[in-house]
Each structure stands twice: as C-alpha cells, then as structure tokens.
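Report on one structure; see the data block that follows.
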Amino acid sequence: MRRIGLIGGTGSAVLRPETARRLEPATTPWGDPSGALHSWRQGCCEVLFLPRHGEPAGIAPHLVNYRANVWTLREQGVEAVLGINAVGGITPRAVPGTLLLPDQLIDYTWGREPSFCDGTVLPLRHVEFDPPFDGALRSELVAAARIAGIDLPTVATYGVTQGPRLETAAEIDRLAADGCDLVGMTAMPEAALAREAGLRYALCAAVVNRAAGRLPPGGSIHGEMAGYLAAAMSHVARLLDAFCAA
Ligand code: HPA
C-alpha cells in the first residue's frame, strides 16, 4: 500500500475522517512538528495527515516548524507529500473556490529556517530546486483530477509572503508584475525542505479569496474566505479520493 503524507493548511481538517488513528507525536532533530500525525486508509493509500498550523490551528505561517514537519513525514517513510495550501488569487487564472497545481514559486519570506543542509547539523548541499514541484506526482494529480471531473490548471506561479498579515494592494501589484498568479504564506520553505529530504512533493492550492486590491468595491478578504474555502475543500476531498483510488 502506498504511504502518502498530507500537510494540511487552513480549512483542511475536514479531510481527516473521524476514524483516523492518532500517532503519538515524536520529536525530531529539528524540534517538534506542528502536531500529531493522523493516519487512515483511503483507497490504495495510507494517508498520514499533519495539520500545518497545529490543532487547534494557531501556529502562524512564519512560526511553523517546517523542518520538523517534513522530517517527521520522512521518518514515517512516506513516498510522496502533498501540501494543501489556502491562497489568495491575483490573476484571472486563480478563480476563487477552485484549485490550482502551481508549477512555479517565488519566495518572499525571510527569517525562516530554510534548510536541513546548511553545514550545521548536516553537511552543506545546494540542492537543485527547479522545477520546485515533483513532475510525476503532479501528473498523477492531474490524472486524478480528470477522473474526479475537477478543473486543475497546471500553470501558475505561487508567491510566498511572510504573513501573518495580509498584503497591501501595492504589494500584490508587485507580485503580479513579478509573474505571480496566487499568493500564500506557507509553500516555503516546505517545498525546498521536501526536496532536500528526497521526498516527492507537490502542492494543491485552494483559492479562498481574491488578493488585496483585487476585490470588488466594499469586499473584504475575510468576508469571502469561508464560502470559497468550503467549496475548494470539497474539491480537494474529491481529488484526494481519486488520487488514492489509483
Ligand atoms: N494572501 C496571503 N495568504 C493567503 C491569502 C492572501 O490573500 N489567502 C489565503 N492565504
């Protein structure tokens, strides 16, 4: 049976069935992960779910221990990791309530622990990070989306901001000028750490709002999040079902 890791962001607790088994949290050389792993059988997979922001969710994006999270999944012997990330939409490619499978990212974060291999605990290594997401895993997700009847655009650039505050309209204009289609706070350093750890990693972005400066007059980011989040997570649940059935 395939063992896959699922790192769930905002709103993704709904993906975990009631019957999931809680594994005792184990510490790592990098400290403690965000919370206990939960495991369940889905189709042909054993899914190991880790809530990125803890449970109840409360760990800010810049304070997530990404190294411990990726390490603990590696220790569990997962063959691939899927990140589920709520994002804001910048360009028309990123339609609220839908999913995207980004193929690129730009990292605007700072002050996070970005590496296992920085010459302190493990020897210095400069891993190749382009493309940043695993091609074979992305193809499997595209096939699953086709079976589930879900639209899953595969060309999109994810701009990773520091948070936890949301952006200004000018910051979003700058991201757009840089080529970003969507904005979120958690893809990095998670994706790069997965690469260093030798784990196949892809990220499914759930568009839960229009980004700052892209809202209709009088609109607010929080005002539109709940409805779009629910819609997007129901697509993620169907995507996961189809992915695990294969
Ligand atoms: N900006 C940054 N991160 C986010 C957003 C946003 O608009 N929506 C969800 N995560």
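Whatever order the structure lists ligands and atoms in, that order sets their numbers, starting from 1.
- For the ring-ring contact (aromatic ring centres under 6.0 Å, His included) test, residues two or more places apart in sequence or in another chain that qualify with Phe116 are Trp30, Trp71.
- Val14 and Met233 get closest at one heavy-atom pair: CG2-CB, 4.0 Å.
- Of the options Met188, His53, Gln162, a side-chain contact (heavy atoms from CB on, under 4.5 Å) to Pro61 is made by His53 and by none of the others.
- Nearest heavy atom pair, residue Ile150 against residue Leu239, reads CD1-N, 3.6 Å.
- Contacts of Asn69 classified as side-chain hydrogen bond (donor to acceptor under 3.5 Å, both in side chains), with partners at least two apart in sequence or in another chain: Ser34.
- By the side-chain hydrogen bond (donor to acceptor under 3.5 Å, both in side chains) test, Tyr228 is found to be paired with no residue, residues two or more places apart in sequence or in another chain being considered.
- Near ligand 1, residues Ala86, Val87, Gly88, Leu166, Glu167, Val183, Gly184, Met185, Val208, Asn209, Met225 come within 4.0 angstrom through at least one heavy atom.
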